[in-house]
Undergrad: 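Sharing a structure, written as structure tokens. Questions coming.
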Amino acid sequence: MKIQDIMTTKVITVGKNDSLTHILELMRKNAITKLPVIDEKTFLGIVSDNTIAYKIGSKHERAISASRLHASSVIEKDVPIISPDDDVKDILKTVGEPGPTMLPVINGNKLVGVVTKANLLPLVKVKTPISSIMKSHLITVEPDERVVHVRRLLIEKNIARIPVLASNRELVGMMSDFEIACAFAKIKDVPLGHQNRWIEEMTVKDVMRSPVIWGAPNLAASVAAQTMIEHNIGSLPIVDKNKMLGMITRTDLLQLIDF
């Protein structure tokens, strides 16, 4: 199977001079967290919710509105590229390893598509129950914790998302770089003298994504993959009797693919 058989060809892109406000709005409208940056169809790199959250959350940038910060300030340039004729098996070899989760497909220096983990999910065919592959030792936060604490956890632990649990371990929300980036972008419209106080006092319940799509422990891996595709989500918490037991990610499922 070739890359051209699975890649997304209708790619939403941005220019290097597009504002971070515009980029976040595109991400929100299209339920995506990464966008290729192009200049006259030439691929320059990728912007992500992760790099945006880091940029606008920095104290050095708090005086600058997100509308005045541009893609060029957060672009990831050192990104591996692939060809339409490459074999999908070659991508699967690196699943789970550190690196970009969006691979640009380049043909003659032009961007012709992208491949993400979502493109690979349809290849998950096994009926393995997700409880057998879930991660049960998770970092979690509570609704009243501060957003700045969650941001530190995401950076220090190098994780993409954190479940939000009530005191009885009921799943009530999810936090990721995207929620944090959007929250920080809004705060930049607040007068500079009030920004630090707003950022320090902002709580998880103010910005978390809720409700959260979840799966039962006996759900088959193939069905879990289809659920992620339908809802365009990168993880699936596992819940039983209103209590969160663990979580699986796209990466966990992709490691079950066997050609």
Side-chain angles (χ1 to χ4, degrees), residues 12 14 18-35 46-59 61-62 64-67 69 71 73-74 76 100-102 116-118 135 138-166 169-190 194-214 227-228 231-237 239 244 247-251:
I12 300 170
V14 295
D18 286 350
S19 72
L20 298 191
T21 299
H22 170 68
I23 292 171
L24 284 172
E25 182 61 18
L26 278 179
M27 289 180 174
R28 185 191 65 78
K29 285 184 177 180
N30 296 281
I32 52 180
T33 57
K34 294 167 184 62
L35 290 167
I46 289 174
V47 292
S48 68
D49 58 344
N50 176 279
T51 54
I52 293 175
Y54 187 86
K55 181 72 172 181
I56 62 181
S58 169
K59 289 184 178 181
E61 306 291 347
R62 288 185 186 175
I64 306 175
S65 168
S67 62
L69 292 170
S73 67
V74 295
E76 298 177 75
T101 55
M102 171 181 279
T116 67
K117 292 179 181 179
K135 292 180 175 65
L138 302 172
I139 296 172
T140 63
V141 295
E142 295 185 357
D144 290 327
E145 293 190 54
R146 295 180 302 156
V147 171
V148 289
H149 170 63
V150 178
R151 177 173 176 263
R152 281 196 296 268
L153 285 175
L154 290 171
I155 295 172
E156 292 173 3
K157 303 299 182 180
N158 192 27
I159 52 180
R161 57 192 67 81
I162 297 180
V164 184
L165 304 184
R169 292 199 60 79
E170 179 182 357
L171 178 67
V172 295
M174 190 71 72
M175 286 289 290
S176 71
D177 285 312
F178 181 71
E179 284 76 38
I180 294 174
C182 289
F184 283 0
K186 289 181 180 179
I187 282 180
K188 284 184 172 291
D189 294 329
V190 175
H194 300 283
Q195 285 184 13
N196 286 340
R197 178 174 61 83
W198 278 50
I199 289 176
E200 292 298 326
E201 294 180 356
M202 187 188 305
T203 61
V204 169
K205 64 186 177 186
D206 296 326
V207 301
M208 68 184 186
R209 175 164 50 86
S210 181
V212 182
I213 303 297
W214 55 269
T227 300
M228 288 187 180
H231 295 280
N232 198 19
I233 52 178
S235 67
L236 192 67
V239 176
M244 184 173 175
M247 187 165 68
I248 61 168
T249 65
R250 288 170 176 162
T251 300

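Computation of the quantities below employed the complete heavy-atom set of this structure, encompassing side-chain atoms and omitting hydrogens, waters and symmetry-equivalent molecules. Just so we're clear, the structure is a prediction, and the values are computed from it rather than from any experiment.
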Undergrad: Which heavy atom in Val47 sits nearest to a heavy atom in Ala71, and how many Å separate them?
TA: CG1-O, 3.8 Å
Undergrad: State the CD1-CD1 distance between Ile162 and Ile139, to the nearest 0.5 angstrom.
TA: 6.0 Å
Undergrad: Which residues pass the side chain to side chain donor-acceptor pair (under 3.5 Å) test with Thr33, not counting sequence neighbours?
TA: none
Undergrad: Looking at residues at least two apart in the chain, or sitting in another chain, which of them share a salt bridge (charged side-chain N to carboxylate O under 4.0 Å, His left out) with Glu179?
TA: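 Only Arg209 meet the salt bridge (charged side-chain N to carboxylate O under 4.0 Å, His left out) criterion with Glu179.
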Undergrad: What's the spacing between His22 NE2 and Leu35 CG if we round to 0.5 Å?
TA: 8.5 Å
Undergrad: Measuring only between side-chain heavy atoms, which start at C-beta, is Val207 closer than 4.5 Å to Cys182?
TA: no
Undergrad: What's the spacing between Met174 CE and Thr140 OG1 if we round to 0.5 Å?
TA: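 Met174 atom CE to Thr140 atom OG1 measures 10.5 Å (nearest 0.5 Å).
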Undergrad: Might you work through the side-chain contact (heavy atoms from CB on, under 4.5 Å) test for Thr101 and Thr116, ending with a clear yes or no?
TA: CA-CA 6 Å; Thr101 55; Thr116 67; over 6 Å; no
Undergrad: Roughly how far, to the nearest 0.5 Å, is CD1 of Ile159 from CG of Leu138?
TA: 8.5 Å
Undergrad: Where do Met244 and Pro237 come nearest, in terms of heavy atoms and distance?
TA: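 Residues Met244 and Pro237, closest heavy atoms: CE-CB, 3.9 Å.
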Undergrad: Answer with yes or no whether the side chains of Lys55 and Ser73 bring together a donor and an acceptor at under 3.5 Å.
TA: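 No, no side-chain donor-acceptor contact under 3.5 Å.
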Undergrad: Looking only at heavy atoms, what is the nearest atom pair of Ile52 and Ile23, with distance?
TA: CD1-CG2, 3.9 Å
Undergrad: Do side-chain atoms of Arg250 reach the backbone of Ile233 as a donor and acceptor pair under 3.5 angstrom?
TA: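 Yes, Arg250 side chain to Ile233 backbone: donor-acceptor pair under 3.5 Å.
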Undergrad: State, to 0.1 Å, how close Ser48 and Lys34 come at their nearest heavy-atom pair, and which atoms those are.
TA: CB-CG, 3.7 Å
Undergrad: Under the side-chain contact (heavy atoms from CB on, under 4.5 Å) rule, what do Met247 and Trp214 come out as? Steps first, then yes or no, please.
TA: CA-CA 9 Å; Met247 187 165 68; Trp214 55 269; over 6 Å; no
Undergrad: In the structure I gave you, are the side-chain heavy atoms of Leu154 and Ile180 within less than 4.5 Å of one another anywhere?
TA: yes
Undergrad: Please name the pair of heavy atoms, one in Val74 and one in Thr51, separated by the smallest distance, quoted to 0.1 Å.
TA: O-OG1, 3.4 Å
Undergrad: Are the side chains of Leu171 and Leu165 in contact, using a 4.5 Å heavy-atom criterion?
TA: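 Sidechains of Leu171 and Leu165: in contact.
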Undergrad: Which heavy-atom pair separates Glu142 from Val164 by the least distance, and what is that distance?
TA: C-CG1, 3.9 Å
Undergrad: Is the closest side-chain heavy-atom distance between Ile248 and Met228 below 4.5 Å?
TA: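 Of all side-chain heavy-atom pairs linking Met228 with Ile248, at least one is under 4.5 Å.
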Undergrad: For Val172, is there any backbone N or O sitting under 3.5 Å from a side-chain donor or acceptor partner on Ser210?
TA: yes
Undergrad: With sequence neighbours left out, write down each residue that passes side chain to side chain donor-acceptor pair (under 3.5 Å) with Arg28, or none if nothing qualifies.
TA: Glu25
Undergrad: Please round to the nearest 0.5 Å and tell me the distance separating atom CD of Glu201 and atom CG of Asp206.
TA: 10.5 Å
